[in-house]
A.B. asks: 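One structure, as structure tokens, below. Some questions next.
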Protein chains: 2
Amino acid sequence: MKQITKHVIKNSLKRIFLYRASLVRLKMMGVEKVFSYTLANETGVTSDQVRKDFSEYNIKGNKRGGYDINDLLEKMENIFHLNKDHNIVLIGMGNMGLALSKYSKFVQHNMNVVATFDIDPFKQKMRSGIPVYSMSRLKEIIDRFRVKVAIIAVPEISAQEVADELIRHGIMGIVNFAPVLLKVPPDVIINNVNLCDELESVIYYVHKLMKVDGLKNIELLYRDMKY
Amino acid sequence: MKQITKHVIKNSLKRIFLYRASLVRLKMMGVEKVFSYTLANETGVTSDQVRKDFSEYNIKGNKRGGYDINDLLEKMENIFHLNKDHNIVLIGMGNMGLALSKYSKFVQHNMNVVATFDIDPFKQKMRSGIPVYSMSRLKEIIDRFRVKVAIIAVPEISAQEVADELIRHGIMGIVNFAPVLLKVPPDVIINNVNLCDELESVIYYVHKLMKVDGLKNIELLYRDMKY
DNA sequence: GATTTGATGTGAAACAAATCACAAAACACG
DNA sequence: CGTGTTTTGTGATTTGTTTCACATCAAATC
């Protein structure tokens, strides 16, 4: 049954990825051991939260001894499948798709975009190291590379159709850059990235803050007048 | 004082933008009136939540009469500043920056990237309708266009430096595509978009789901054996 | 080896968000 | 105009998340 599955990614998981990024950086700097408050400082949360998050995902350190960085990173890699290679397909080679296909961080994180797809045969001439195929070869590639996760970067008008096809061919998780809510079976993971919303949220909070600051200034003025 | 401000964008705000997108679509289809459950169906939430969200942002409809689409959209535009034009600057004209500079949805949502910047003078030859300046002209442009919000799409190594400069010149909100946590004063809004994390989250949940499904299958198998 | 110290890990408490449930309002219809 | 119906708007309740507090352990010190 197809429906809108509002699958929200837990904040605790997002924070875990923050911790990991910090750990990688600290390791490069030669640090070997961290404490919950080290990570807390690095990521702008409390040390309680770090420990609670680790607890949620069953990550354990050493009483009093903190966490050995290598040990911790290894544990995280196992739990979050970060060490294994992941084959990804990318659908839509417009501006955004092209940029994503060239995004070198994916490869550094063991996520390989093994192929990209586009309906427009002209796009298929463009290259970026990664082959661009027509949609007809989708199943073949997904099967051959055992792909489970896809990125949708097509115009909103065709996003649902593309999602349907991906799922029909065995895709189980989608990062969707098209500004539409995809209707999918409940056992398919959807993560929507809406660029306009990201900007509009910031604009809203900036305005809100300006209003508050404005009030503060008025208050200060008032106080100045009074005393 | 500079620090990591973990400014999380409320889920209720994200949902509001979903509602709005649905409203725009419904309006285009000729619909004039909606009810909380209309929007609920469209966006995969409950009607309670729709009303509660509206309540949080002081959006009111008509008892029994539902919501007049035009009226509702207008209210939203006012509250979330969606009708006013917003001038944005974009720093970093690498692959991602280029794609963002060409992203037509921004303009459709009244967000104009008035200028882009890059340290590399060669990038400044490339065009996309939007001028590419060297960083030295940042202040001039920010002042002239009264820019309050910026997009950072530079490599992580220079992201902090760029953020500092933006804030020094009056930028109050940043959408940051570089995979680093920016240290900024507490009255600056930061919204981080980390593409690797978005993918890795999906990969994690897909694995988790596969494991659960695996268990389900084993259970079914067990039941089959038993009876 | 006993004692102090410093950090983890996790129940309990506080807080926040989502859901429930229903009073209040407005329209429909007799 | 009064009664029934429908949908909003929001307190009350439940559920989920974060913070607090401390027992527990391991290292350091005496």
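In the text below, chain A, chain B and the rest are named by the order of the sequence lines, each starting its count at 1.
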A.B. asks: Please give me every residue in residues 71-82 of chain B whose heavy atoms get under 4.0 Å of an atom in DNA chain D, ordered by residue number.
C.D. replies: none
A.B. asks: Is there any protein nitrogen or oxygen under 3.5 Å from a nitrogen or oxygen in nucleotides 25-30 of chain C, and what are the pairs?
C.D. replies:
| from | atom 1 | to | atom 2 | distance (Å) |
| --- | --- | --- | --- | --- |
| C/dA26 | O4' | B/K63 | O | 3.3 |
| C/dC27 | O2 | B/R64 | NH1 | 2.7 |

A.B. asks: Figure out the OH/C1' separation between A/Y57 and C/dT10, and round it to whole Å.
C.D. replies: 17 Å
A.B. asks: Specify the separation, in whole Å, of atom NZ of A/K60 and atom P of D/dA26.
C.D. replies: 13 Å
A.B. asks: Could you tell me if A/S36 and A/Y67 have a donor-acceptor pair between their side chains, going purely by distance under 3.5 Å?
C.D. replies: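 A/Y67 vs A/S36: no donor-acceptor pair found between side chains.
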A.B. asks: Could you give the CZ-to-C1' distance, from B/F35 to D/dT6, as a whole number of Å?
C.D. replies: 9 Å
A.B. asks: Within the sub-3.5 Å range, which N or O atoms of nucleotides 16-22 of chain C have a protein N or O partner, and how far apart are they?
C.D. replies:
| from | atom 1 | to | atom 2 | distance (Å) |
| --- | --- | --- | --- | --- |
| C/dA18 | OP1 | B/R15 | NH1 | 3.2 |
| C/dA18 | OP2 | B/R15 | NH2 | 3.2 |
| C/dT19 | OP2 | B/Q49 | OE1 | 3.1 |

A.B. asks: Could you state the atom-to-atom distance from CZ of A/F54 to C1' of D/dT18 in whole Å?
C.D. replies: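 So the two atoms are 16 Å apart, to the nearest Å.
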A.B. asks: Going by the rule side chain to side chain donor-acceptor pair (under 3.5 Å), which residues pair with A/K33 if we only count those two or more places apart in sequence or in a different chain?
C.D. replies: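 Counting only residues at least two positions away or on another chain, A/K33 forms no side chain to side chain donor-acceptor pair (under 3.5 Å).
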A.B. asks: Considering only NZ, NE, NH1 and NH2 on the basic side and carboxylate oxygens on the acidic side, decide whether A/D71 and A/K75 come within less than 4.0 Å.
C.D. replies: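 Yes, charged N to carboxylate O under 4.0 Å.
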A.B. asks: Just so I know, are the side chains of A/V113 and A/V89 near enough to count as touching, which here means a heavy-atom distance under 4.5 Å?
C.D. replies: no
A.B. asks: Just so I know, are the side chains of B/E200 and A/L82 near enough to count as touching, which here means a heavy-atom distance under 4.5 Å?
C.D. replies: yes
A.B. asks: Using side-chain heavy atoms (C-beta onward) and a distance below 4.5 Å, is A/N112 in contact with A/F106?
C.D. replies: no
A.B. asks: Within the pair A/S55 and C/dT10, is there a side-chain N or O less than 4.0 Å away from OP1 or OP2?
C.D. replies: yes
A.B. asks: Answer yes or no: are there more than 12 heavy-atom neighbours, outside B/E32 itself, under 6.0 Å from its atom CD?
C.D. replies: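 No.
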A.B. asks: With a non-hydrogen cut-off below 4.0 angstrom, is A/S36 in contact with a base, only sugar-phosphate, or nothing?
C.D. replies: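 Result for A/S36 = sugar-phosphate.
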A.B. asks: What residue pairs, at least two apart or across chains, pass salt bridge (Lys or Arg N to Asp or Glu O under 4.0 Å) with a residue in residues 163-178 of chain A?
C.D. replies: A/K2-A/D164
A.B. asks: More than 12 heavy atoms of other residues, nucleotides or ligands under 6.0 Å from CD of B/E77: is that the case?
C.D. replies: yes
A.B. asks: Less than 4.5 Å apart, any side-chain heavy atom of A/M96 and any of B/L100?
C.D. replies: yes
A.B. asks: With sequence neighbours excluded, give me every side-chain hydrogen bond (donor to acceptor under 3.5 Å, both in side chains) pair touching residues 173-198 of chain B.
C.D. replies: A/N191-B/E198, A/E198-B/N191, B/N176-B/N192, B/N194-B/D197
